[in-house]
Amino acid sequence: MLKPWIQIIRPSNVLTAISDVLAGVAIACLFLHHDLPEVNNLILITISSMLLYTGGIVFNDVFDAALDQVERPERPIPSGRIKKSSAAILGTVAFAIGCALAFLINVSAFTISLAIVLMCLLYNGKAKHHFIAGPIVMGTCRGLNLLLGMALLPASLEYWYIAIVPIIYIASVTNISRGEVYGNNKTAMLVSIGLYAMVILTLLYFTFVSKNYLAIIFILFFTIMIARPLFKALKSLDPMDVRKAVKFGVLALILMNASWIAISGFWILALAVCAILPISIYLAKKFAVT
């Protein structure tokens with residue numbers, strides 16, 4: 001059956017990886033005052049990113065197989081619909097092809113792709129169970145994905161520190177997710193509100209620096225998308241509301257990245273990335289995000 005294989009790769013999440021690398025490309029162009037690279041390279045780096053994300057998300061279920069027997073028995077591996085070994089093979093193949101495509105771009109992209117694989121395995125195998133290291137390592141995976149896009153113009157990697165923004169953002173989403181099973185994570189959500197505020201203020205700062213003020217529209221929609229479910233979850237502490245806050249936090253990555261692209265002045269590309277959102281939301285209704 002195809003359905004459990006689609007479930008294990010979480011297609012709505014994989015689509016967010018597209019926005020990561022395209023935001024990285026746009027940021028590189030912004031800093032270097034460069035036009036967008038050739039379409040072929042954009043396609044290669046995008047597919048590479050999606051496969052690397054797929055490998056990471058599949059290994060999440062591989063490493064969590066025993067825990068999921070208790071907390072999420074409906075998932076493909078604990079339910080017996082997919083063998084743990086088969087899932088591991090899928091994840092390995094996705095990682096390998098993702099790195100191979102990055103190698104075709106340049107050495108910088110290949111090196112970053114290897115770092116993504118390492119951080120994914122570190123998170124799934126060890127760091128996710130650590131209170132501080134978990135969110136940071138997960139965020140680093142996304143930060144590296146942004147750098148993967150920037151690697152299309154290797155000179156832009158001197159501005160590597162911009163990757164701290166997605167690290168902070170994903171760390172905040174991961175922090176919220178700690179209580180999605182039982183709902184008892186009010187402190188974590190309060191911390192995440194502060195982290196969200198840092199991300200929004202950073203986006204606004206670069207908007208005014210670049211003078212592409214229409215990007216504020218994208219930032220506004222991004223803010224609404226993450227704030228409404230989070231404040232609802234904070235009020236109710238209901239596990240389902242917490243899970244929705246995590247879900248929309250993940251999906252809102254598309255709007256955050258569209259904001260970066262708009263800040264860089266590529267309006268058509270920003271709108272194209274926004275068009276991914278309704279597709280991702282639809283898939284999120286069909287297949288679990290967390």
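Just so it is clear, the values below take in all heavy atoms, side chains as well, and ignore hydrogens, waters and symmetry mates.
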Donor-acceptor pair, distance only, cut-off 3.5 Å: does the side chain of [X] make one with the backbone of [Y]?
{"X": "Asp238", "Y": "Ala233", "result": "no"}
{"X": "Asn124", "Y": "Cys120", "result": "yes"}
{"X": "Thr174", "Y": "Pro135", "result": "no"}
{"X": "Ser48", "Y": "Leu44", "result": "no"}
{"X": "Ser49", "Y": "Ile45", "result": "no"}
{"X": "Thr54", "Y": "Met50", "result": "yes"}

(request) Mind checking the CD1-CD1 spacing from Ile263 to Ile216? Nearest 0.5 Å is all I need. (result)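 Answer for the CD1-CD1 pair, Ile263 versus Ile216, is 9.5 Å.
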(request) Determine the interplanar angle of the Phe95 and Phe59 rings, folded into 0 to 90°, and report it as parallel if under 30°, tilted if 30 to 60°, perpendicular if over 60°. (result)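 Plane angle under 30°, so parallel.
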(request) Look at Arg72 together with Asp64 and state whether they make a salt bridge at an N to O cut-off of under 4.0 Å. (result)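 No.
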(request) Output yes when Lys247 and Asp241 qualify as a salt bridge under the 4.0 Å nitrogen-oxygen rule, no when they do not. (result)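 No, no charged N to carboxylate O under 4.0 Å.
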(request) Indicate, with yes or no, if the rings of Phe218 and Trp260 have centres closer together than 6.0 Å. (result)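 No; Trp260 has its ring centre 6.0 Å or more from that of Phe218.
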(request) Name all residues meeting the ring pair (Phe, Tyr, Trp, His ring centres under 6.0 Å) criterion together with Phe103; count only those two or more places apart in sequence or in a different chain, and write none if there are none. (result)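 Partners of Phe103 under the ring pair (Phe, Tyr, Trp, His ring centres under 6.0 Å) test: Phe110.
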(message) Using the rule given for ring-ring contact (aromatic ring centres under 6.0 Å, His included), can you reason through Phe63 versus Tyr123, listing the C-alpha separation, both sets of side-chain angles and the distance that settles it, and then say yes or no?
(response) CA-CA 10 Å; Phe63 281 97; Tyr123 174 76; 10.0 Å; no
What side-chain donor-acceptor pairs closer than 3.5 Å can you find for residues 149-159, not counting sequence neighbours?
unit_1: Ser156; atom_1: OG; unit_2: Met150; atom_2: O; d: 2.9
unit_1: Ser156; atom_1: OG; unit_2: Leu153; atom_2: O; d: 2.7

